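As the structure is a computational prediction, the values presented were derived from the model and not from experiment.
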Amino acid sequence: MTIASRTAPEEDDFASEEAVSYAAASNPLLGVLPGLLLTFGIAAVAFFVRGEIGIAALSPLILSIVLGMVVSNTVGVPAITRPGVTFSLKRILRFAIILLGLQLTVAQIIEVGGTGAAIVVATLVSTFLFTKAMGRVLGVDRRLAELIAAGTSVCGASAVIATNLVTRGSDEDVAYAVACVTVFGSASMLLYPVIQTKLMLDPTGYGLWAGATIHEVAQVVAAAFQGGEAAGQFGTIAKLSRVALLAPLILSLGFFAGRGRSGEGAAAGKPPVPWFVFGFLALVVVNSLVAIPADIHAALVLATTFLLSAALAAMGLETNVFKLKAKGLRPLVLGTVSWLFISCFGLGLVLITGF
């Protein structure tokens with residue numbers, strides 16, 4: 001019996017994979033280094049491009065995933081970088097989410113006040129549940145609907161990638177959800193200041209509306225400060241208090257995912273335990289009790305954004321554009337409906353309470 005020989009390209013791929021496996025086994029650091037250089041390099045390019053364009057609200061997180069997708073779907077991803085790309089997707093991502101805790105304090109959350117906090121919580125929970133329900137109505141895959149729901153209701157791309165550690169959607173799911181929250185968050189950033197000129201909300205009311213409903217932190221800052229210093233400051237605080245709710249959301253999703261898997265039997269696999277959330281909460285406490293010097297704090301914020309960008313670059317490197325297209329327009333419709341819901345629901349609560 002004869003065995004078919006491999007073609008030259010197949011032999012090259014096989015040799016590359018063997019080399020990667022050997023390097024990773026002999027020296028774990030050496031195994032992940034090429035992939036880390038690639039994801040960190042893409043993140044660095046994203047920061048550079050953002051600086052050259054000069055649009056502060058254009059997140060390097062978004063640029064990173066786009067650049068990663070361009071590389072993956074044009075020149076391809078070398079086999080030698082795969083361990084490092086996977087490391088960025090898992091370890092670097094979790095570490096960056098933990099560091100997000102240093103951007104919040106308990107005092108900031110309290111500053112929103114009882115009514116403001118109630119509006120933030122009600123808007124977040126209602127939007128998440130509404131988006132999940134509409135996802136079922138539209139026939140959108142549960143995991144993708146959950147990621148769009150998290151990104152819209154909490155804090156954009158960061159919430160999408162953090163939630164996916166529990167939801168376990170595909171890289172294409174993450175890319176689609178990030179695209180949705182980017183497009184609609186940017187639309188809110190541009191439209192809210194125009195709408196405010198007609199509504200003439202109180203500065204704190206406008207800031208609360210922006211902080212409770214716009215997707216990304218940078219988008220909130222850009223939109224809220226168009227209403228003045230008071231609106232900008234309050235909008236930023238409201239948004240950060242909303243980011244803090246990412247922790248209980250992920251813990252809840254992990255709990256219910258675990259119950260679902262246990263109901264499916266042993267074959268369902270180990271339920272996800274989002275331990276990184278406890279690290280996030282611990283750093284919120286540390287940031288509340290310890291006065292971190294302003295320059296060090298600014299460096300930590302920059303480092304956190306860079307690491308998140310590297311993780312999203314890795315996500316882009318794992319994304320297949322053709323699989324992304326195959327998901328169709330229904331998820332986009334879901335993102336649109338979810339965006340309209342959170343904008344109108346949040347505004348309604350601000351108007352009703354007279355905040």
Side-chain angles (χ1 to χ4, degrees), residues 46 49-50 53-70 73 123-124 127-128 130-132 134-135 138 140-141 143-164 169-195 209-224 226 235 239 242-243 305 308-309 312-313 315-316 319-347:
V49 171
R50 183 214 190 182
I53 293 176
I55 303 176
L58 182 60
S59 172
L61 277 67
I62 310 306
L63 289 172
S64 293
I65 194 171
V66 170
L67 290 172
M69 289 171 63
V70 170
N73 291 275
T123 302
L124 187 153
T127 301
F128 187 85
F130 173 82
T131 306
K132 288 269 289 178
M134 284 303 299
L138 293 170
V140 177
D141 177 76
R143 293 180 179 86
L144 178 52
E146 204 162 82
L147 295 178
I148 293 174
T152 304
S153 62
V154 188
C155 55
S158 300
V160 171
I161 58 178
T163 301
N164 197 53
S170 67
D171 295 322
E172 288 73 30
D173 287 337
V174 173
Y176 206 124
V178 168
C180 282
V181 299
T182 301
V183 169
F184 298 119
S186 298
S188 293
M189 178 184 71
L190 297 173
L191 292 174
Y192 275 35
V194 177
I195 297 173
W209 179 41
T213 60
I214 298 180
H215 303 58
E216 296 274 355
V217 175
Q219 294 164 347
V220 170
V221 171
Q226 293 298 311
K239 178 60 179 178
R242 186 171 150 209
V243 172
T305 304
L308 285 173
S309 298
L312 274 175
M315 195 75 67
T319 300
N320 187 311
V321 171
F322 294 103
K323 290 182 180 179
L324 199 60
K325 290 180 179 178
K327 294 188 178 295
L329 293 177
R330 290 186 181 186
L332 181 61
V333 174
L334 177 61
T336 304
V337 173
S338 181
W339 167 56
L340 293 173
F341 178 87
I342 193 172
S343 300
C344 296
F345 188 87
L347 177 59

Exercise for review: Answer yes or no: is there a side-chain heavy-atom contact under 4.5 Å between Leu61 and Ile65?
Suggested key: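 The answer is no; the side chains never approach within 4.5 Å.
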
Roughly how far, to the nearest 0.5 Å, is the [atom2] atom of [Y] from the [atom1] atom of [X]?
{"X": "Leu329", "Y": "Leu138", "atom1": "CG", "atom2": "CG", "result": "11.5 Å"}
{"X": "Trp339", "Y": "Thr131", "atom1": "CH2", "atom2": "OG1", "result": "13.5 Å"}
{"X": "Thr305", "Y": "Leu312", "atom1": "OG1", "atom2": "CG", "result": "11.0 Å"}
{"X": "Asn164", "Y": "Leu144", "atom1": "CG", "atom2": "CG", "result": "10.0 Å"}
{"X": "Cys155", "Y": "Glu216", "atom1": "SG", "atom2": "CD", "result": "7.5 Å"}

Can you list, pair by pair, the side-chain donor-acceptor contacts under 3.5 Å of residues 171-184, counting residues two or more places apart and other chains?
| unit_1 | atom_1 | unit_2 | atom_2 | d |
| --- | --- | --- | --- | --- |
| Glu172 | OE2 | Asn320 | N | 2.7 |
| Asp173 | OD1 | Lys327 | NZ | 2.8 |
| Asp173 | OD2 | Ser170 | N | 3.1 |
| Asp173 | OD2 | Ser170 | OG | 3.3 |
| Tyr176 | OH | Gly328 | O | 2.6 |
| Tyr176 | OH | Leu332 | N | 3.4 |
| Thr182 | OG1 | Val178 | O | 2.6 |

Please report the closest heavy-atom contact between [X] and [Y], naming both atoms and the distance.
{"X": "Gly346", "Y": "Thr213", "answer": "CA-CG2, 3.8 Å"}
{"X": "Thr152", "Y": "Ser338", "answer": "CG2-OG, 3.2 Å"}
{"X": "Ala210", "Y": "Val220", "answer": "O-CG2, 3.6 Å"}
{"X": "Ala149", "Y": "Phe128", "answer": "CB-CD1, 3.5 Å"}
{"X": "Ile342", "Y": "Ser153", "answer": "CD1-CA, 4.0 Å"}
{"X": "Lys239", "Y": "Val154", "answer": "NZ-O, 2.7 Å"}

Would you find a donor on one side and an acceptor on the other, under 3.5 Å apart, between the side chain of [X] and the backbone of [Y]?
{"X": "Trp209", "Y": "Ile214", "answer": "no"}
{"X": "Thr163", "Y": "Ala159", "answer": "yes"}
{"X": "Arg242", "Y": "Gly211", "answer": "yes"}
{"X": "Arg50", "Y": "Pro60", "answer": "no"}

**Study point:** Residues Gln226, Tyr192; criterion side-chain contact (heavy atoms from CB on, under 4.5 Å); working and verdict
**Key:** CA-CA 9 Å; Gln226 293 298 311; Tyr192 275 35; over 6 Å; no

Check your understanding: Can you check side-chain contact (heavy atoms from CB on, under 4.5 Å) on Ile161 and Leu308, steps first, answer last?
Key -> CA-CA 9 Å; Ile161 58 178; Leu308 285 173; 3.8 Å; yes

